[in-house]
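A short write-up of the structure that comes next.
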Amino acid sequence: MTTPEANARDAAPSDFIRDAIREDLANGRYDRVHTRFPPEPNAYLHIGHAKAVWIDYGIAREFGGLFNLRFDDTNPLKEEPEFVEAIIEDVRWLGADWGDRLYFASDYFEQMVEWAIQLIRQGQAYVCDLSPEEMRATRGTLTEPGTDSPYRNRSVDENLGLFARMRSGEFPDGSRTLRAKIDMASPNVVMRDPVMYRIRHAEHHRQGTKWCVYPSYDWAHGLEDSIEGVTHSLCTLEYEIHRPLYDWFLEQLGIYRPRQIEFARLSLTYTVMSKRRFVDLVDRGFVIGFDDPRLPTLAGLRRRGYTPEAIREFCERVGVGGRADTTIDMHMLEDCIREDLNQRSTRVMGVLNPLRVVLTNYPDGQTEEVDAINNPEDPSAGTRKIPFGKTLYIERDDFRKEPPPKFFRLAPGREVRLRYGYFITCQEVIEDESGEIVELRCTYDPATRGGDAPDGRKVKGTIHWVSAEHAIEVEVRLYDHLFAKPDPDEVDEGLDYTANLNPESLRVQAAYVEPSVAGAPAGARYQFERLAYFCVDPDSSPERLVFNRTVTLRDSWAKIEKAMGG
RNA sequence: UGCCCGAUAGCUCAAUUGGCAGAGCGGCUGACUCUGGAUCAGCAGGUUCCAGGUUCGAUCCCUGGUCGGGCAGCCA
């Protein structure tokens, strides 16, 4: 029994941000909801950004409002068009819809300058000639107030003139700034006469050389939100301390005022989540690039085989986070992709560590096809044919010469089912001089074709296999956590976080897979039954497919084995 | 020895603006099964950081501690 209330609750998630918005709507502060995702085009997006996108977009959608994608391109030194393309692709892939509202902060530069002039006229902004070093020296410390700039009390006319000359390019980089005149003694250092404009004779990726003064984040961001009619400007916790400044600018200008609300920044265990670290890992060769499947970038996750649905589900499970930053267990992300892939991925059989099996009573040279279900979770996915023959490969782990208790797979004298194939019984174990098992001689029961015994006989285990003659050889890239510790920063004195890199984070090897996967395009996803989910990597060629292991299946046998002290 | 924020089951979060502390994941147990997967059912009993205070009653209010995080870019 679900009550209407319960339904409503399920349909509309509740958290302190949504509660605040509902309140704003109820008391008339706003009569609509409009959010935005404002990335700076200076890096690839990671799953932390996905969380932000999904909060911004999700809230707009739930409240029947609008969502903008806006590039906060206010610093030409750090930004590149390559990133705007990549970010657009990532946000689209994630599934957020900004309609025709793709904006760039740089398109507002003219308006921002007009507002800056207004503030100068109101005596609330001034041109400061302090060097960066001097400014730092006069800002005070966290415990001591700063001191006023000697240029703080210039006349409006002088400021107007100087600012005009800053804009026309008369002064070198770093020589002057336009500052808001607020309070050098504020306990909130952000309010100590923050810089609004700095001089940068730099080429902007969209504005070219039109400008040589660029607005700072604090000055620009609220204006951008205001111009776009954003109602709720959602950002991460580190901006909380900037909120008074965000409000101050808008209030002094007397323009439309959005409301900034902060949510928790996302961290994940066993990985790192910052542009700086990504660059470092790439530069030092620990990963192959920003789309390395071991990185939590959206490009990396996509290549690894993650679906947008799984990432969204993850974001929803994580929620907005309380009022403190959160570190989420990587296993939760993995659980999300398993849940999604379980529903949708095509099953195939593939053997990672082959052990040859010869069916001694199977006719020489005979080949046949057995029917297999493509996806037990989705009958509409249909069936396919898998070739079967006298010589097969099974997983080495599926045979034990001396099976421990609860091991229900193949062992000497034991009968198991080859999935969709026949029951087979192990008659003989062939070993080489060193004692390594190189082949199994088994008999099959022709009456059990398809996997069912007419006499009602049961077997405890079902294992996967491929026909040695028909299987195709592929490359598999077996990924594991990038770091060996939940917190990569937990290192001994003198070592850096890379000391915690997991040496096993990538293992490349060959595997045999049933021929139905031949020709699969990059991005195609499969479940290799009983093993893991795999995704075709772009490195694949027509001659050789490359599969990335997205995530293993839950392995309850591993748990049993561990519990038995094995 | 500044300002701001936080501290609830292993983890991440809730708790109708004071009223018997709940969920998801993990974990454990069982059922079932042609993936030991999936699925399903059940279980979990946490001094709600500590010490005071207000109150009939505090996770939620006040005071003081402790611990953690953020802030001193002409980064965002």
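Protein chains get the first letters and strands the later ones, always in sequence-line order, with residue 1 at the start of each. Since this is a predicted model, take the numbers as computed values, not measurements.
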Distance in angstrom units between [X] [atom1] and [N] [atom2], rounded:
X: A:D555; N: B:rG36; atom1: CG; atom2: C1'; result: 8 Å
X: A:D218; N: B:rA72; atom1: CG; atom2: P; result: 11 Å
X: A:Y217; N: B:rA76; atom1: OH; atom2: C1'; result: 7 Å
X: A:D378; N: B:rA38; atom1: CG; atom2: P; result: 18 Å
X: A:R192; N: B:rG73; atom1: CZ; atom2: P; result: 11 Å
X: A:M330; N: B:rC11; atom1: CE; atom2: P; result: 18 Å
X: A:H242; N: B:rC5; atom1: NE2; atom2: C1'; result: 14 Å
X: A:E262; N: B:rG70; atom1: CD; atom2: C1'; result: 12 Å

Applying a 4.0 Å non-hydrogen cut-off, can you work out what [X] is touching in the nucleic acid: base, sugar-phosphate, or nothing?
X: A:L77; result: nothing
X: A:L142; result: base
X: A:P376; result: base
X: A:N188; result: nothing
X: A:R554; result: sugar-phosphate
X: A:R338; result: nothing
X: A:Y214; result: nothing
X: A:M349; result: nothing
X: A:Y197; result: nothing
X: A:G319; result: nothing
X: A:H464; result: nothing
X: A:R136; result: sugar-phosphate
X: A:D452; result: base
X: A:S186; result: nothing

Between [options], which nucleotide gets closest to the side-chain atoms of [X]?
X: A:K406; options: B:rA72, B:rG36, B:rC25; value: B:rG36
X: A:R139; options: B:rU35, B:rC71, B:rC74; value: B:rC74
X: A:R409; options: B:rG36, B:rU35, B:rA72; value: B:rG36
X: A:P132; options: B:rA76, B:rA72, B:rC74; value: B:rC74
X: A:S216; options: B:rC71, B:rU35, B:rA76; value: B:rA76
X: A:M332; options: B:rC25, B:rA76, B:rC3; value: B:rC25
X: A:D335; options: B:rC25, B:rA76, B:rU35; value: B:rC25
X: A:T74; options: B:rA76, B:rA72, B:rG36; value: B:rA76
X: A:R530; options: B:rG2, B:rG36, B:rA76; value: B:rG36
X: A:N75; options: B:rC5, B:rU35, B:rA76; value: B:rA76

Look at [X] together with [Y] and state whether they make a salt bridge at an N to O cut-off of under 4.0 Å.
X: A:R530; Y: A:D397; result: no
X: A:R36; Y: A:E224; result: no
X: A:R277; Y: A:D280; result: no
X: A:E514; Y: A:R384; result: yes

Given the [atom1] atoms of [N] and [M], what is the spacing between them in whole Å?
N: B:rU47; M: B:rU59; atom1: P; result: 13 Å
N: B:rA7; M: B:rU12; atom1: P; result: 12 Å
N: B:rC56; M: B:rG18; atom1: P; result: 16 Å
N: B:rC11; M: B:rG46; atom1: C1'; result: 14 Å
N: B:rU29; M: B:rA44; atom1: P; result: 15 Å
N: B:rG45; M: B:rU8; atom1: C1'; result: 14 Å
N: B:rC32; M: B:rU48; atom1: C1'; result: 39 Å
N: B:rA15; M: B:rA21; atom1: C1'; result: 7 Å

Scan side-chain atoms only and decide if [X] and [Y] contain a donor-acceptor pair under the 3.5 Å cut-off.
X: A:E82; Y: A:Y44; answer: yes
X: A:E262; Y: A:Q260; answer: yes
X: A:D371; Y: A:T383; answer: no

Any strand is fair game: report the nucleotide pairing with [N] by Watson-Crick or G-U wobble, both distances under 3.5 Å, or none.
N: B:rU33; value: none
N: B:rC71; value: B:rG2
N: B:rG57; value: none
N: B:rG24; value: B:rC11
N: B:rU63; value: B:rA51

Parallel, tilted or perpendicular for A:F37 and A:H49, by the 30°/60° rule?
perpendicular

Quick one: on RNA chain B, does A:D329 or A:R449 contact a more 5' nucleotide (nearest heavy atom)?
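Per heavy-atom nearest nucleotide, the more 5' residue is A:D329.
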
5' priority, RNA chain B, between A:R419 and A:E144 [closest heavy atom]
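The 5'-side residue here is A:E144.
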
A:I87 and A:P41: which non-hydrogen atoms are nearest, and at how many Å?
CD1-CA, 3.9 Å

Is there a donor on the side chain of A:Q527 or the base of B:rU35 sitting less than 3.5 Å from an acceptor on the other?
yes

Looking at A:R198, does any N or O in its side chain come under 4.0 Å of the phosphate oxygens OP1/OP2 on B:rA76?
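Yes, such a contact exists.
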
Is the charged tip of A:R206 near the ring of A:F104: under 6.0 Å from the six-membered ring centre and within 45° of its axis?
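Yes; both conditions hold, so A:R206 lies above the ring face of A:F104.
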
For B:rG45, is chi within 90° of 0 (syn) or not (anti)?
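Glycosidic conformation of B:rG45: anti.
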
